Amino acid sequence: MTAAPPPARFADVRTQLFVLALANFAIGFGAFVVVAILPALAAGLGVSDAGAGLTMTSYAIAYGIGSPLGVALTSRFERRNVIVCGLAVFGVGALLCALAPSLSMLLIARALAAIGAGVVTPVAASVAIALVSEQERGRALAFVFGGLTLSQAIGMPIGAWLGYSVGWRETFALAGLLAFPAAIVLFRQLPTGLVVPVTNLRSLVDACTRPKLLAAIAFTVFFMGGVWTLYTFFAPVLTVSFGLDGTGVSALLLVFGIGAVLGNVLGGRLTDSLGPDRTLACLCLGQAISMPLFTVGIFSGTAAGATEIIAAGALTLGWSIVGWSFMVPQQARLAALDPALAPVLLALNAAAIYLAAALGSANGGYVLDALGMVALGPVSVVLIIAALVSIPVTRRLRAAPAADGLDPADVERTES
């Protein structure tokens with residue numbers, strides 16, 4: 001399993017890409033639905049919103065540690081079997097979340113679910129990259145990652161409605177039950193013998209000790225850390241800022257999901273046309289402009305009228321489009337930096353997303369308690385600026401072979 005397969009046309013592997021997207025849908029629903037049900041979960045367990053936010057933090061930490069290790073340790077197993085087992089572990093963890101009698105037990109169950117999820121998304125991305133030519137890589141990644149965005153568009157509003165109208169436990173149960181049909185479909189449809197670059201613990205150590213790769217992955221930590229500082233408490237922001245009830249929160253989460261789908265498509269197209277670096281720089285600027293407006297520009301603390309709600313919907317749509325355009329160019333960028341290390345780099349990138357979620361949710365909880373909701377948006381921008389600065393830093397490190405212990409030919413091959 002060391003040679004790359006001959007590239008195929010996107011149309012020829014559409015079924016394989018679809019089942020990978022289905023796996024990501026199940027993972028995305030279970031991972032992120034906690035954001036939609038945060039107030040209901042907090043009330044059900046008798047904890048604060050900041051305390052309930054730890055359910056995202058525990059998931060993120062477990063994912064951040066388990067994903068790169070899991071990908072490295074399972075690299076010699078069939079890709080299909082790895083994803084199926086990951087979905088099964090994730091499903092069991094989600095069902096245990098539904099049964100958790102306390103916040104501490106819920107945090108443990110979320111960590112178990114994260115360990116299973118940690119191998120699904122990066123392995124799915126590495127398979128998608130291996131299936132198609134470099135020219136169609138952005139499109140293939142957008143298609144597979146579309147499962148996560150559809151979980152935002154469809155799953156989050158359903159999860160919010162279920163959490164408010166039935167209960168947060170039932171929402172977690174649904175997340176667990178979604179994982180098992182996805183595993184069955186994937187096992188039947190995804191072929192065996194898929195060839196991707198072999199990675200191991202040495203590859204993981206190699207990736208973690210090369211400055212240009214760490215700088216590139218740092219973009220994800222800063223960018224998503226800024227997003228999660230606000231997004232973890234998005235439902236409380238909507239409730240307090242606009243006086244929305246569960247139905248209103250569900251409606252704006254639907255708008256956010258629509259933006260996620262549009263952003264995923266846009267990210268793929270921009271990556272193929274502008275290149276990853278320019279795309280990511282533009283996304284940073286969009287985030288820096290939009291996020292403060294949620295808690296400063298339109299914050300009122302009272303029930304909003306139609307004009308304010310429409311403005312909030314438009315802002316939510318734009319913010320989501322910009323945020324969800326990020327994943328495709330970042331994945332393509334990492335794969336181009338070192339194709340041989342692509343699987344472990346994608347795993348580290350996925351881990352960085354959840355590390356960012358842990359840092360962002362903890363940061364948001366601190367800001368919420370210390371400075372109030374009005375400060376969430378402006379504080380988020382600080383991390384976005386750090387992400388923007390990391391782009392030229394990575395380019396400079398990439399252009400300096402000696403910094404990585406590489407010769408110029410290695411750099412030239414990577415940049416091509």
Side-chain angles (χ1 to χ4, degrees), residues 15-37 41 55-56 58-60 62-64 66-67 70-71 74 77-100 105-128 143-163 166-190 257 260 346-347 350-351 353-354 357:
T15 299
Q16 298 169 19
L17 296 175
F18 174 79
V19 297
L20 295 172
L22 180 64
N24 272 335
F25 178 88
I27 294 297
F29 179 82
F32 301 128
V33 74
V34 68
V35 174
I37 61 173
L41 191 155
T55 56
M56 193 65 238
S58 66
Y59 186 97
Y63 193 111
S67 181
V71 169
T74 61
F77 294 98
E78 281 285 350
R79 301 294 84 191
R80 182 189 70 175
N81 296 341
V82 170
I83 300 177
V84 167
C85 290
L87 284 168
V89 172
F90 175 83
V92 170
L95 292 177
L96 290 176
C97 288
L99 300 174
M105 294 303 297
L106 178 59
L107 298 181
I108 294 173
R110 286 281 287 172
L112 176 63
I115 291 172
V119 298
V120 175
T121 298
V123 172
S126 66
V127 170
F143 191 89
V144 172
F145 192 67
L148 287 176
T149 59
L150 283 177
S151 73
Q152 296 283 326
I154 301 173
M156 291 285 279
I158 293 174
W161 173 83
L162 188 62
V166 181
W168 62 269
R169 294 184 184 277
E170 287 76 7
T171 305
F172 279 122
L174 176 60
L177 293 176
L178 282 174
F180 295 106
I184 293 172
V185 171
L186 191 143
F187 184 79
R188 291 180 175 178
Q189 296 295 326
L190 199 66
L346 294 173
I353 292 175
Y354 289 96

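Worth saying up front: this structure is predicted, and the values here are computed from it rather than measured.
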*Using ring-ring contact (aromatic ring centres under 6.0 Å, His included) as the criterion, list what pairs up with Tyr63, not counting sequence neighbours.*
Tyr354
*ring-ring contact (aromatic ring centres under 6.0 Å, His included) with Phe25: which residues, sequence neighbours excluded?*
none
_Distance check, rounded to the nearest 0.5 Å: Leu112 atom CG versus Phe90 atom CZ?_
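If I round to the nearest 0.5 Å, the distance is 10.5 Å.
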*Say you draw a straight line from CD of Gln16 to CG of Leu186; how long is it, rounded to the nearest 0.5 Å?*
10.5 Å
Looking at every heavy atom in both [X] and [Y], which two are closest together, and how far apart are they?
| X | Y | result |
| --- | --- | --- |
| Ala117 | Tyr59 | CB-OH, 3.2 Å |
| Ala113 | Ala94 | CB-N, 4.1 Å |
| Val71 | Pro122 | CG2-CG, 3.8 Å |
| Leu178 | Ala26 | O-CB, 4.1 Å |
| Gly86 | Val119 | CA-CG2, 3.8 Å |
| Ser151 | Phe29 | CB-N, 3.5 Å |

*Criterion side-chain contact (heavy atoms from CB on, under 4.5 Å) against Phe172, the qualifying member of Leu41, Leu177, Thr55*: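 It is Leu41, the one option of Leu41, Leu177, Thr55 that forms the side-chain contact (heavy atoms from CB on, under 4.5 Å) with Phe172.
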_List the residues meeting side-chain hydrogen bond (donor to acceptor under 3.5 Å, both in side chains) with Ser67, not counting sequence neighbours, and say none if there are none._
none
*asked:* Determine whether Leu20 and Ile83 satisfy the following criterion, side chain to side chain contact (heavy atoms under 4.5 Å, CB included), listing intermediate values before the conclusion.
replied: CA-CA 9 Å; Leu20 295 172; Ile83 300 177; 3.7 Å; yes
_Within the supplied structure, the quantity of interest is the number of heavy atoms (other residues, nucleotides, ligands) at a distance under 6.0 Å from Phe180 CZ; does it exceed 12?_
yes
*asked:* Would you say that Val144 contacts Thr121 through its side chain, given a criterion of any heavy-atom pair below 4.5 Å between the two side chains?
replied: no
*So, do Leu99 and Arg169 sit near enough that their side-chain heavy atoms are less than 4.5 Å apart?*
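Result no, sub-4.5 Å side-chain heavy-atom pair not found.
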*Might you work through the side chain to side chain contact (heavy atoms under 4.5 Å, CB included) test for Ile27 and Leu87, ending with a clear yes or no?*
CA-CA 8 Å; Ile27 294 297; Leu87 284 168; 4.0 Å; yes
*Ignoring hydrogens and geometry, is there a side-chain-to-backbone donor-acceptor pair from Arg110 to Ala31 under 3.5 Å?*
yes
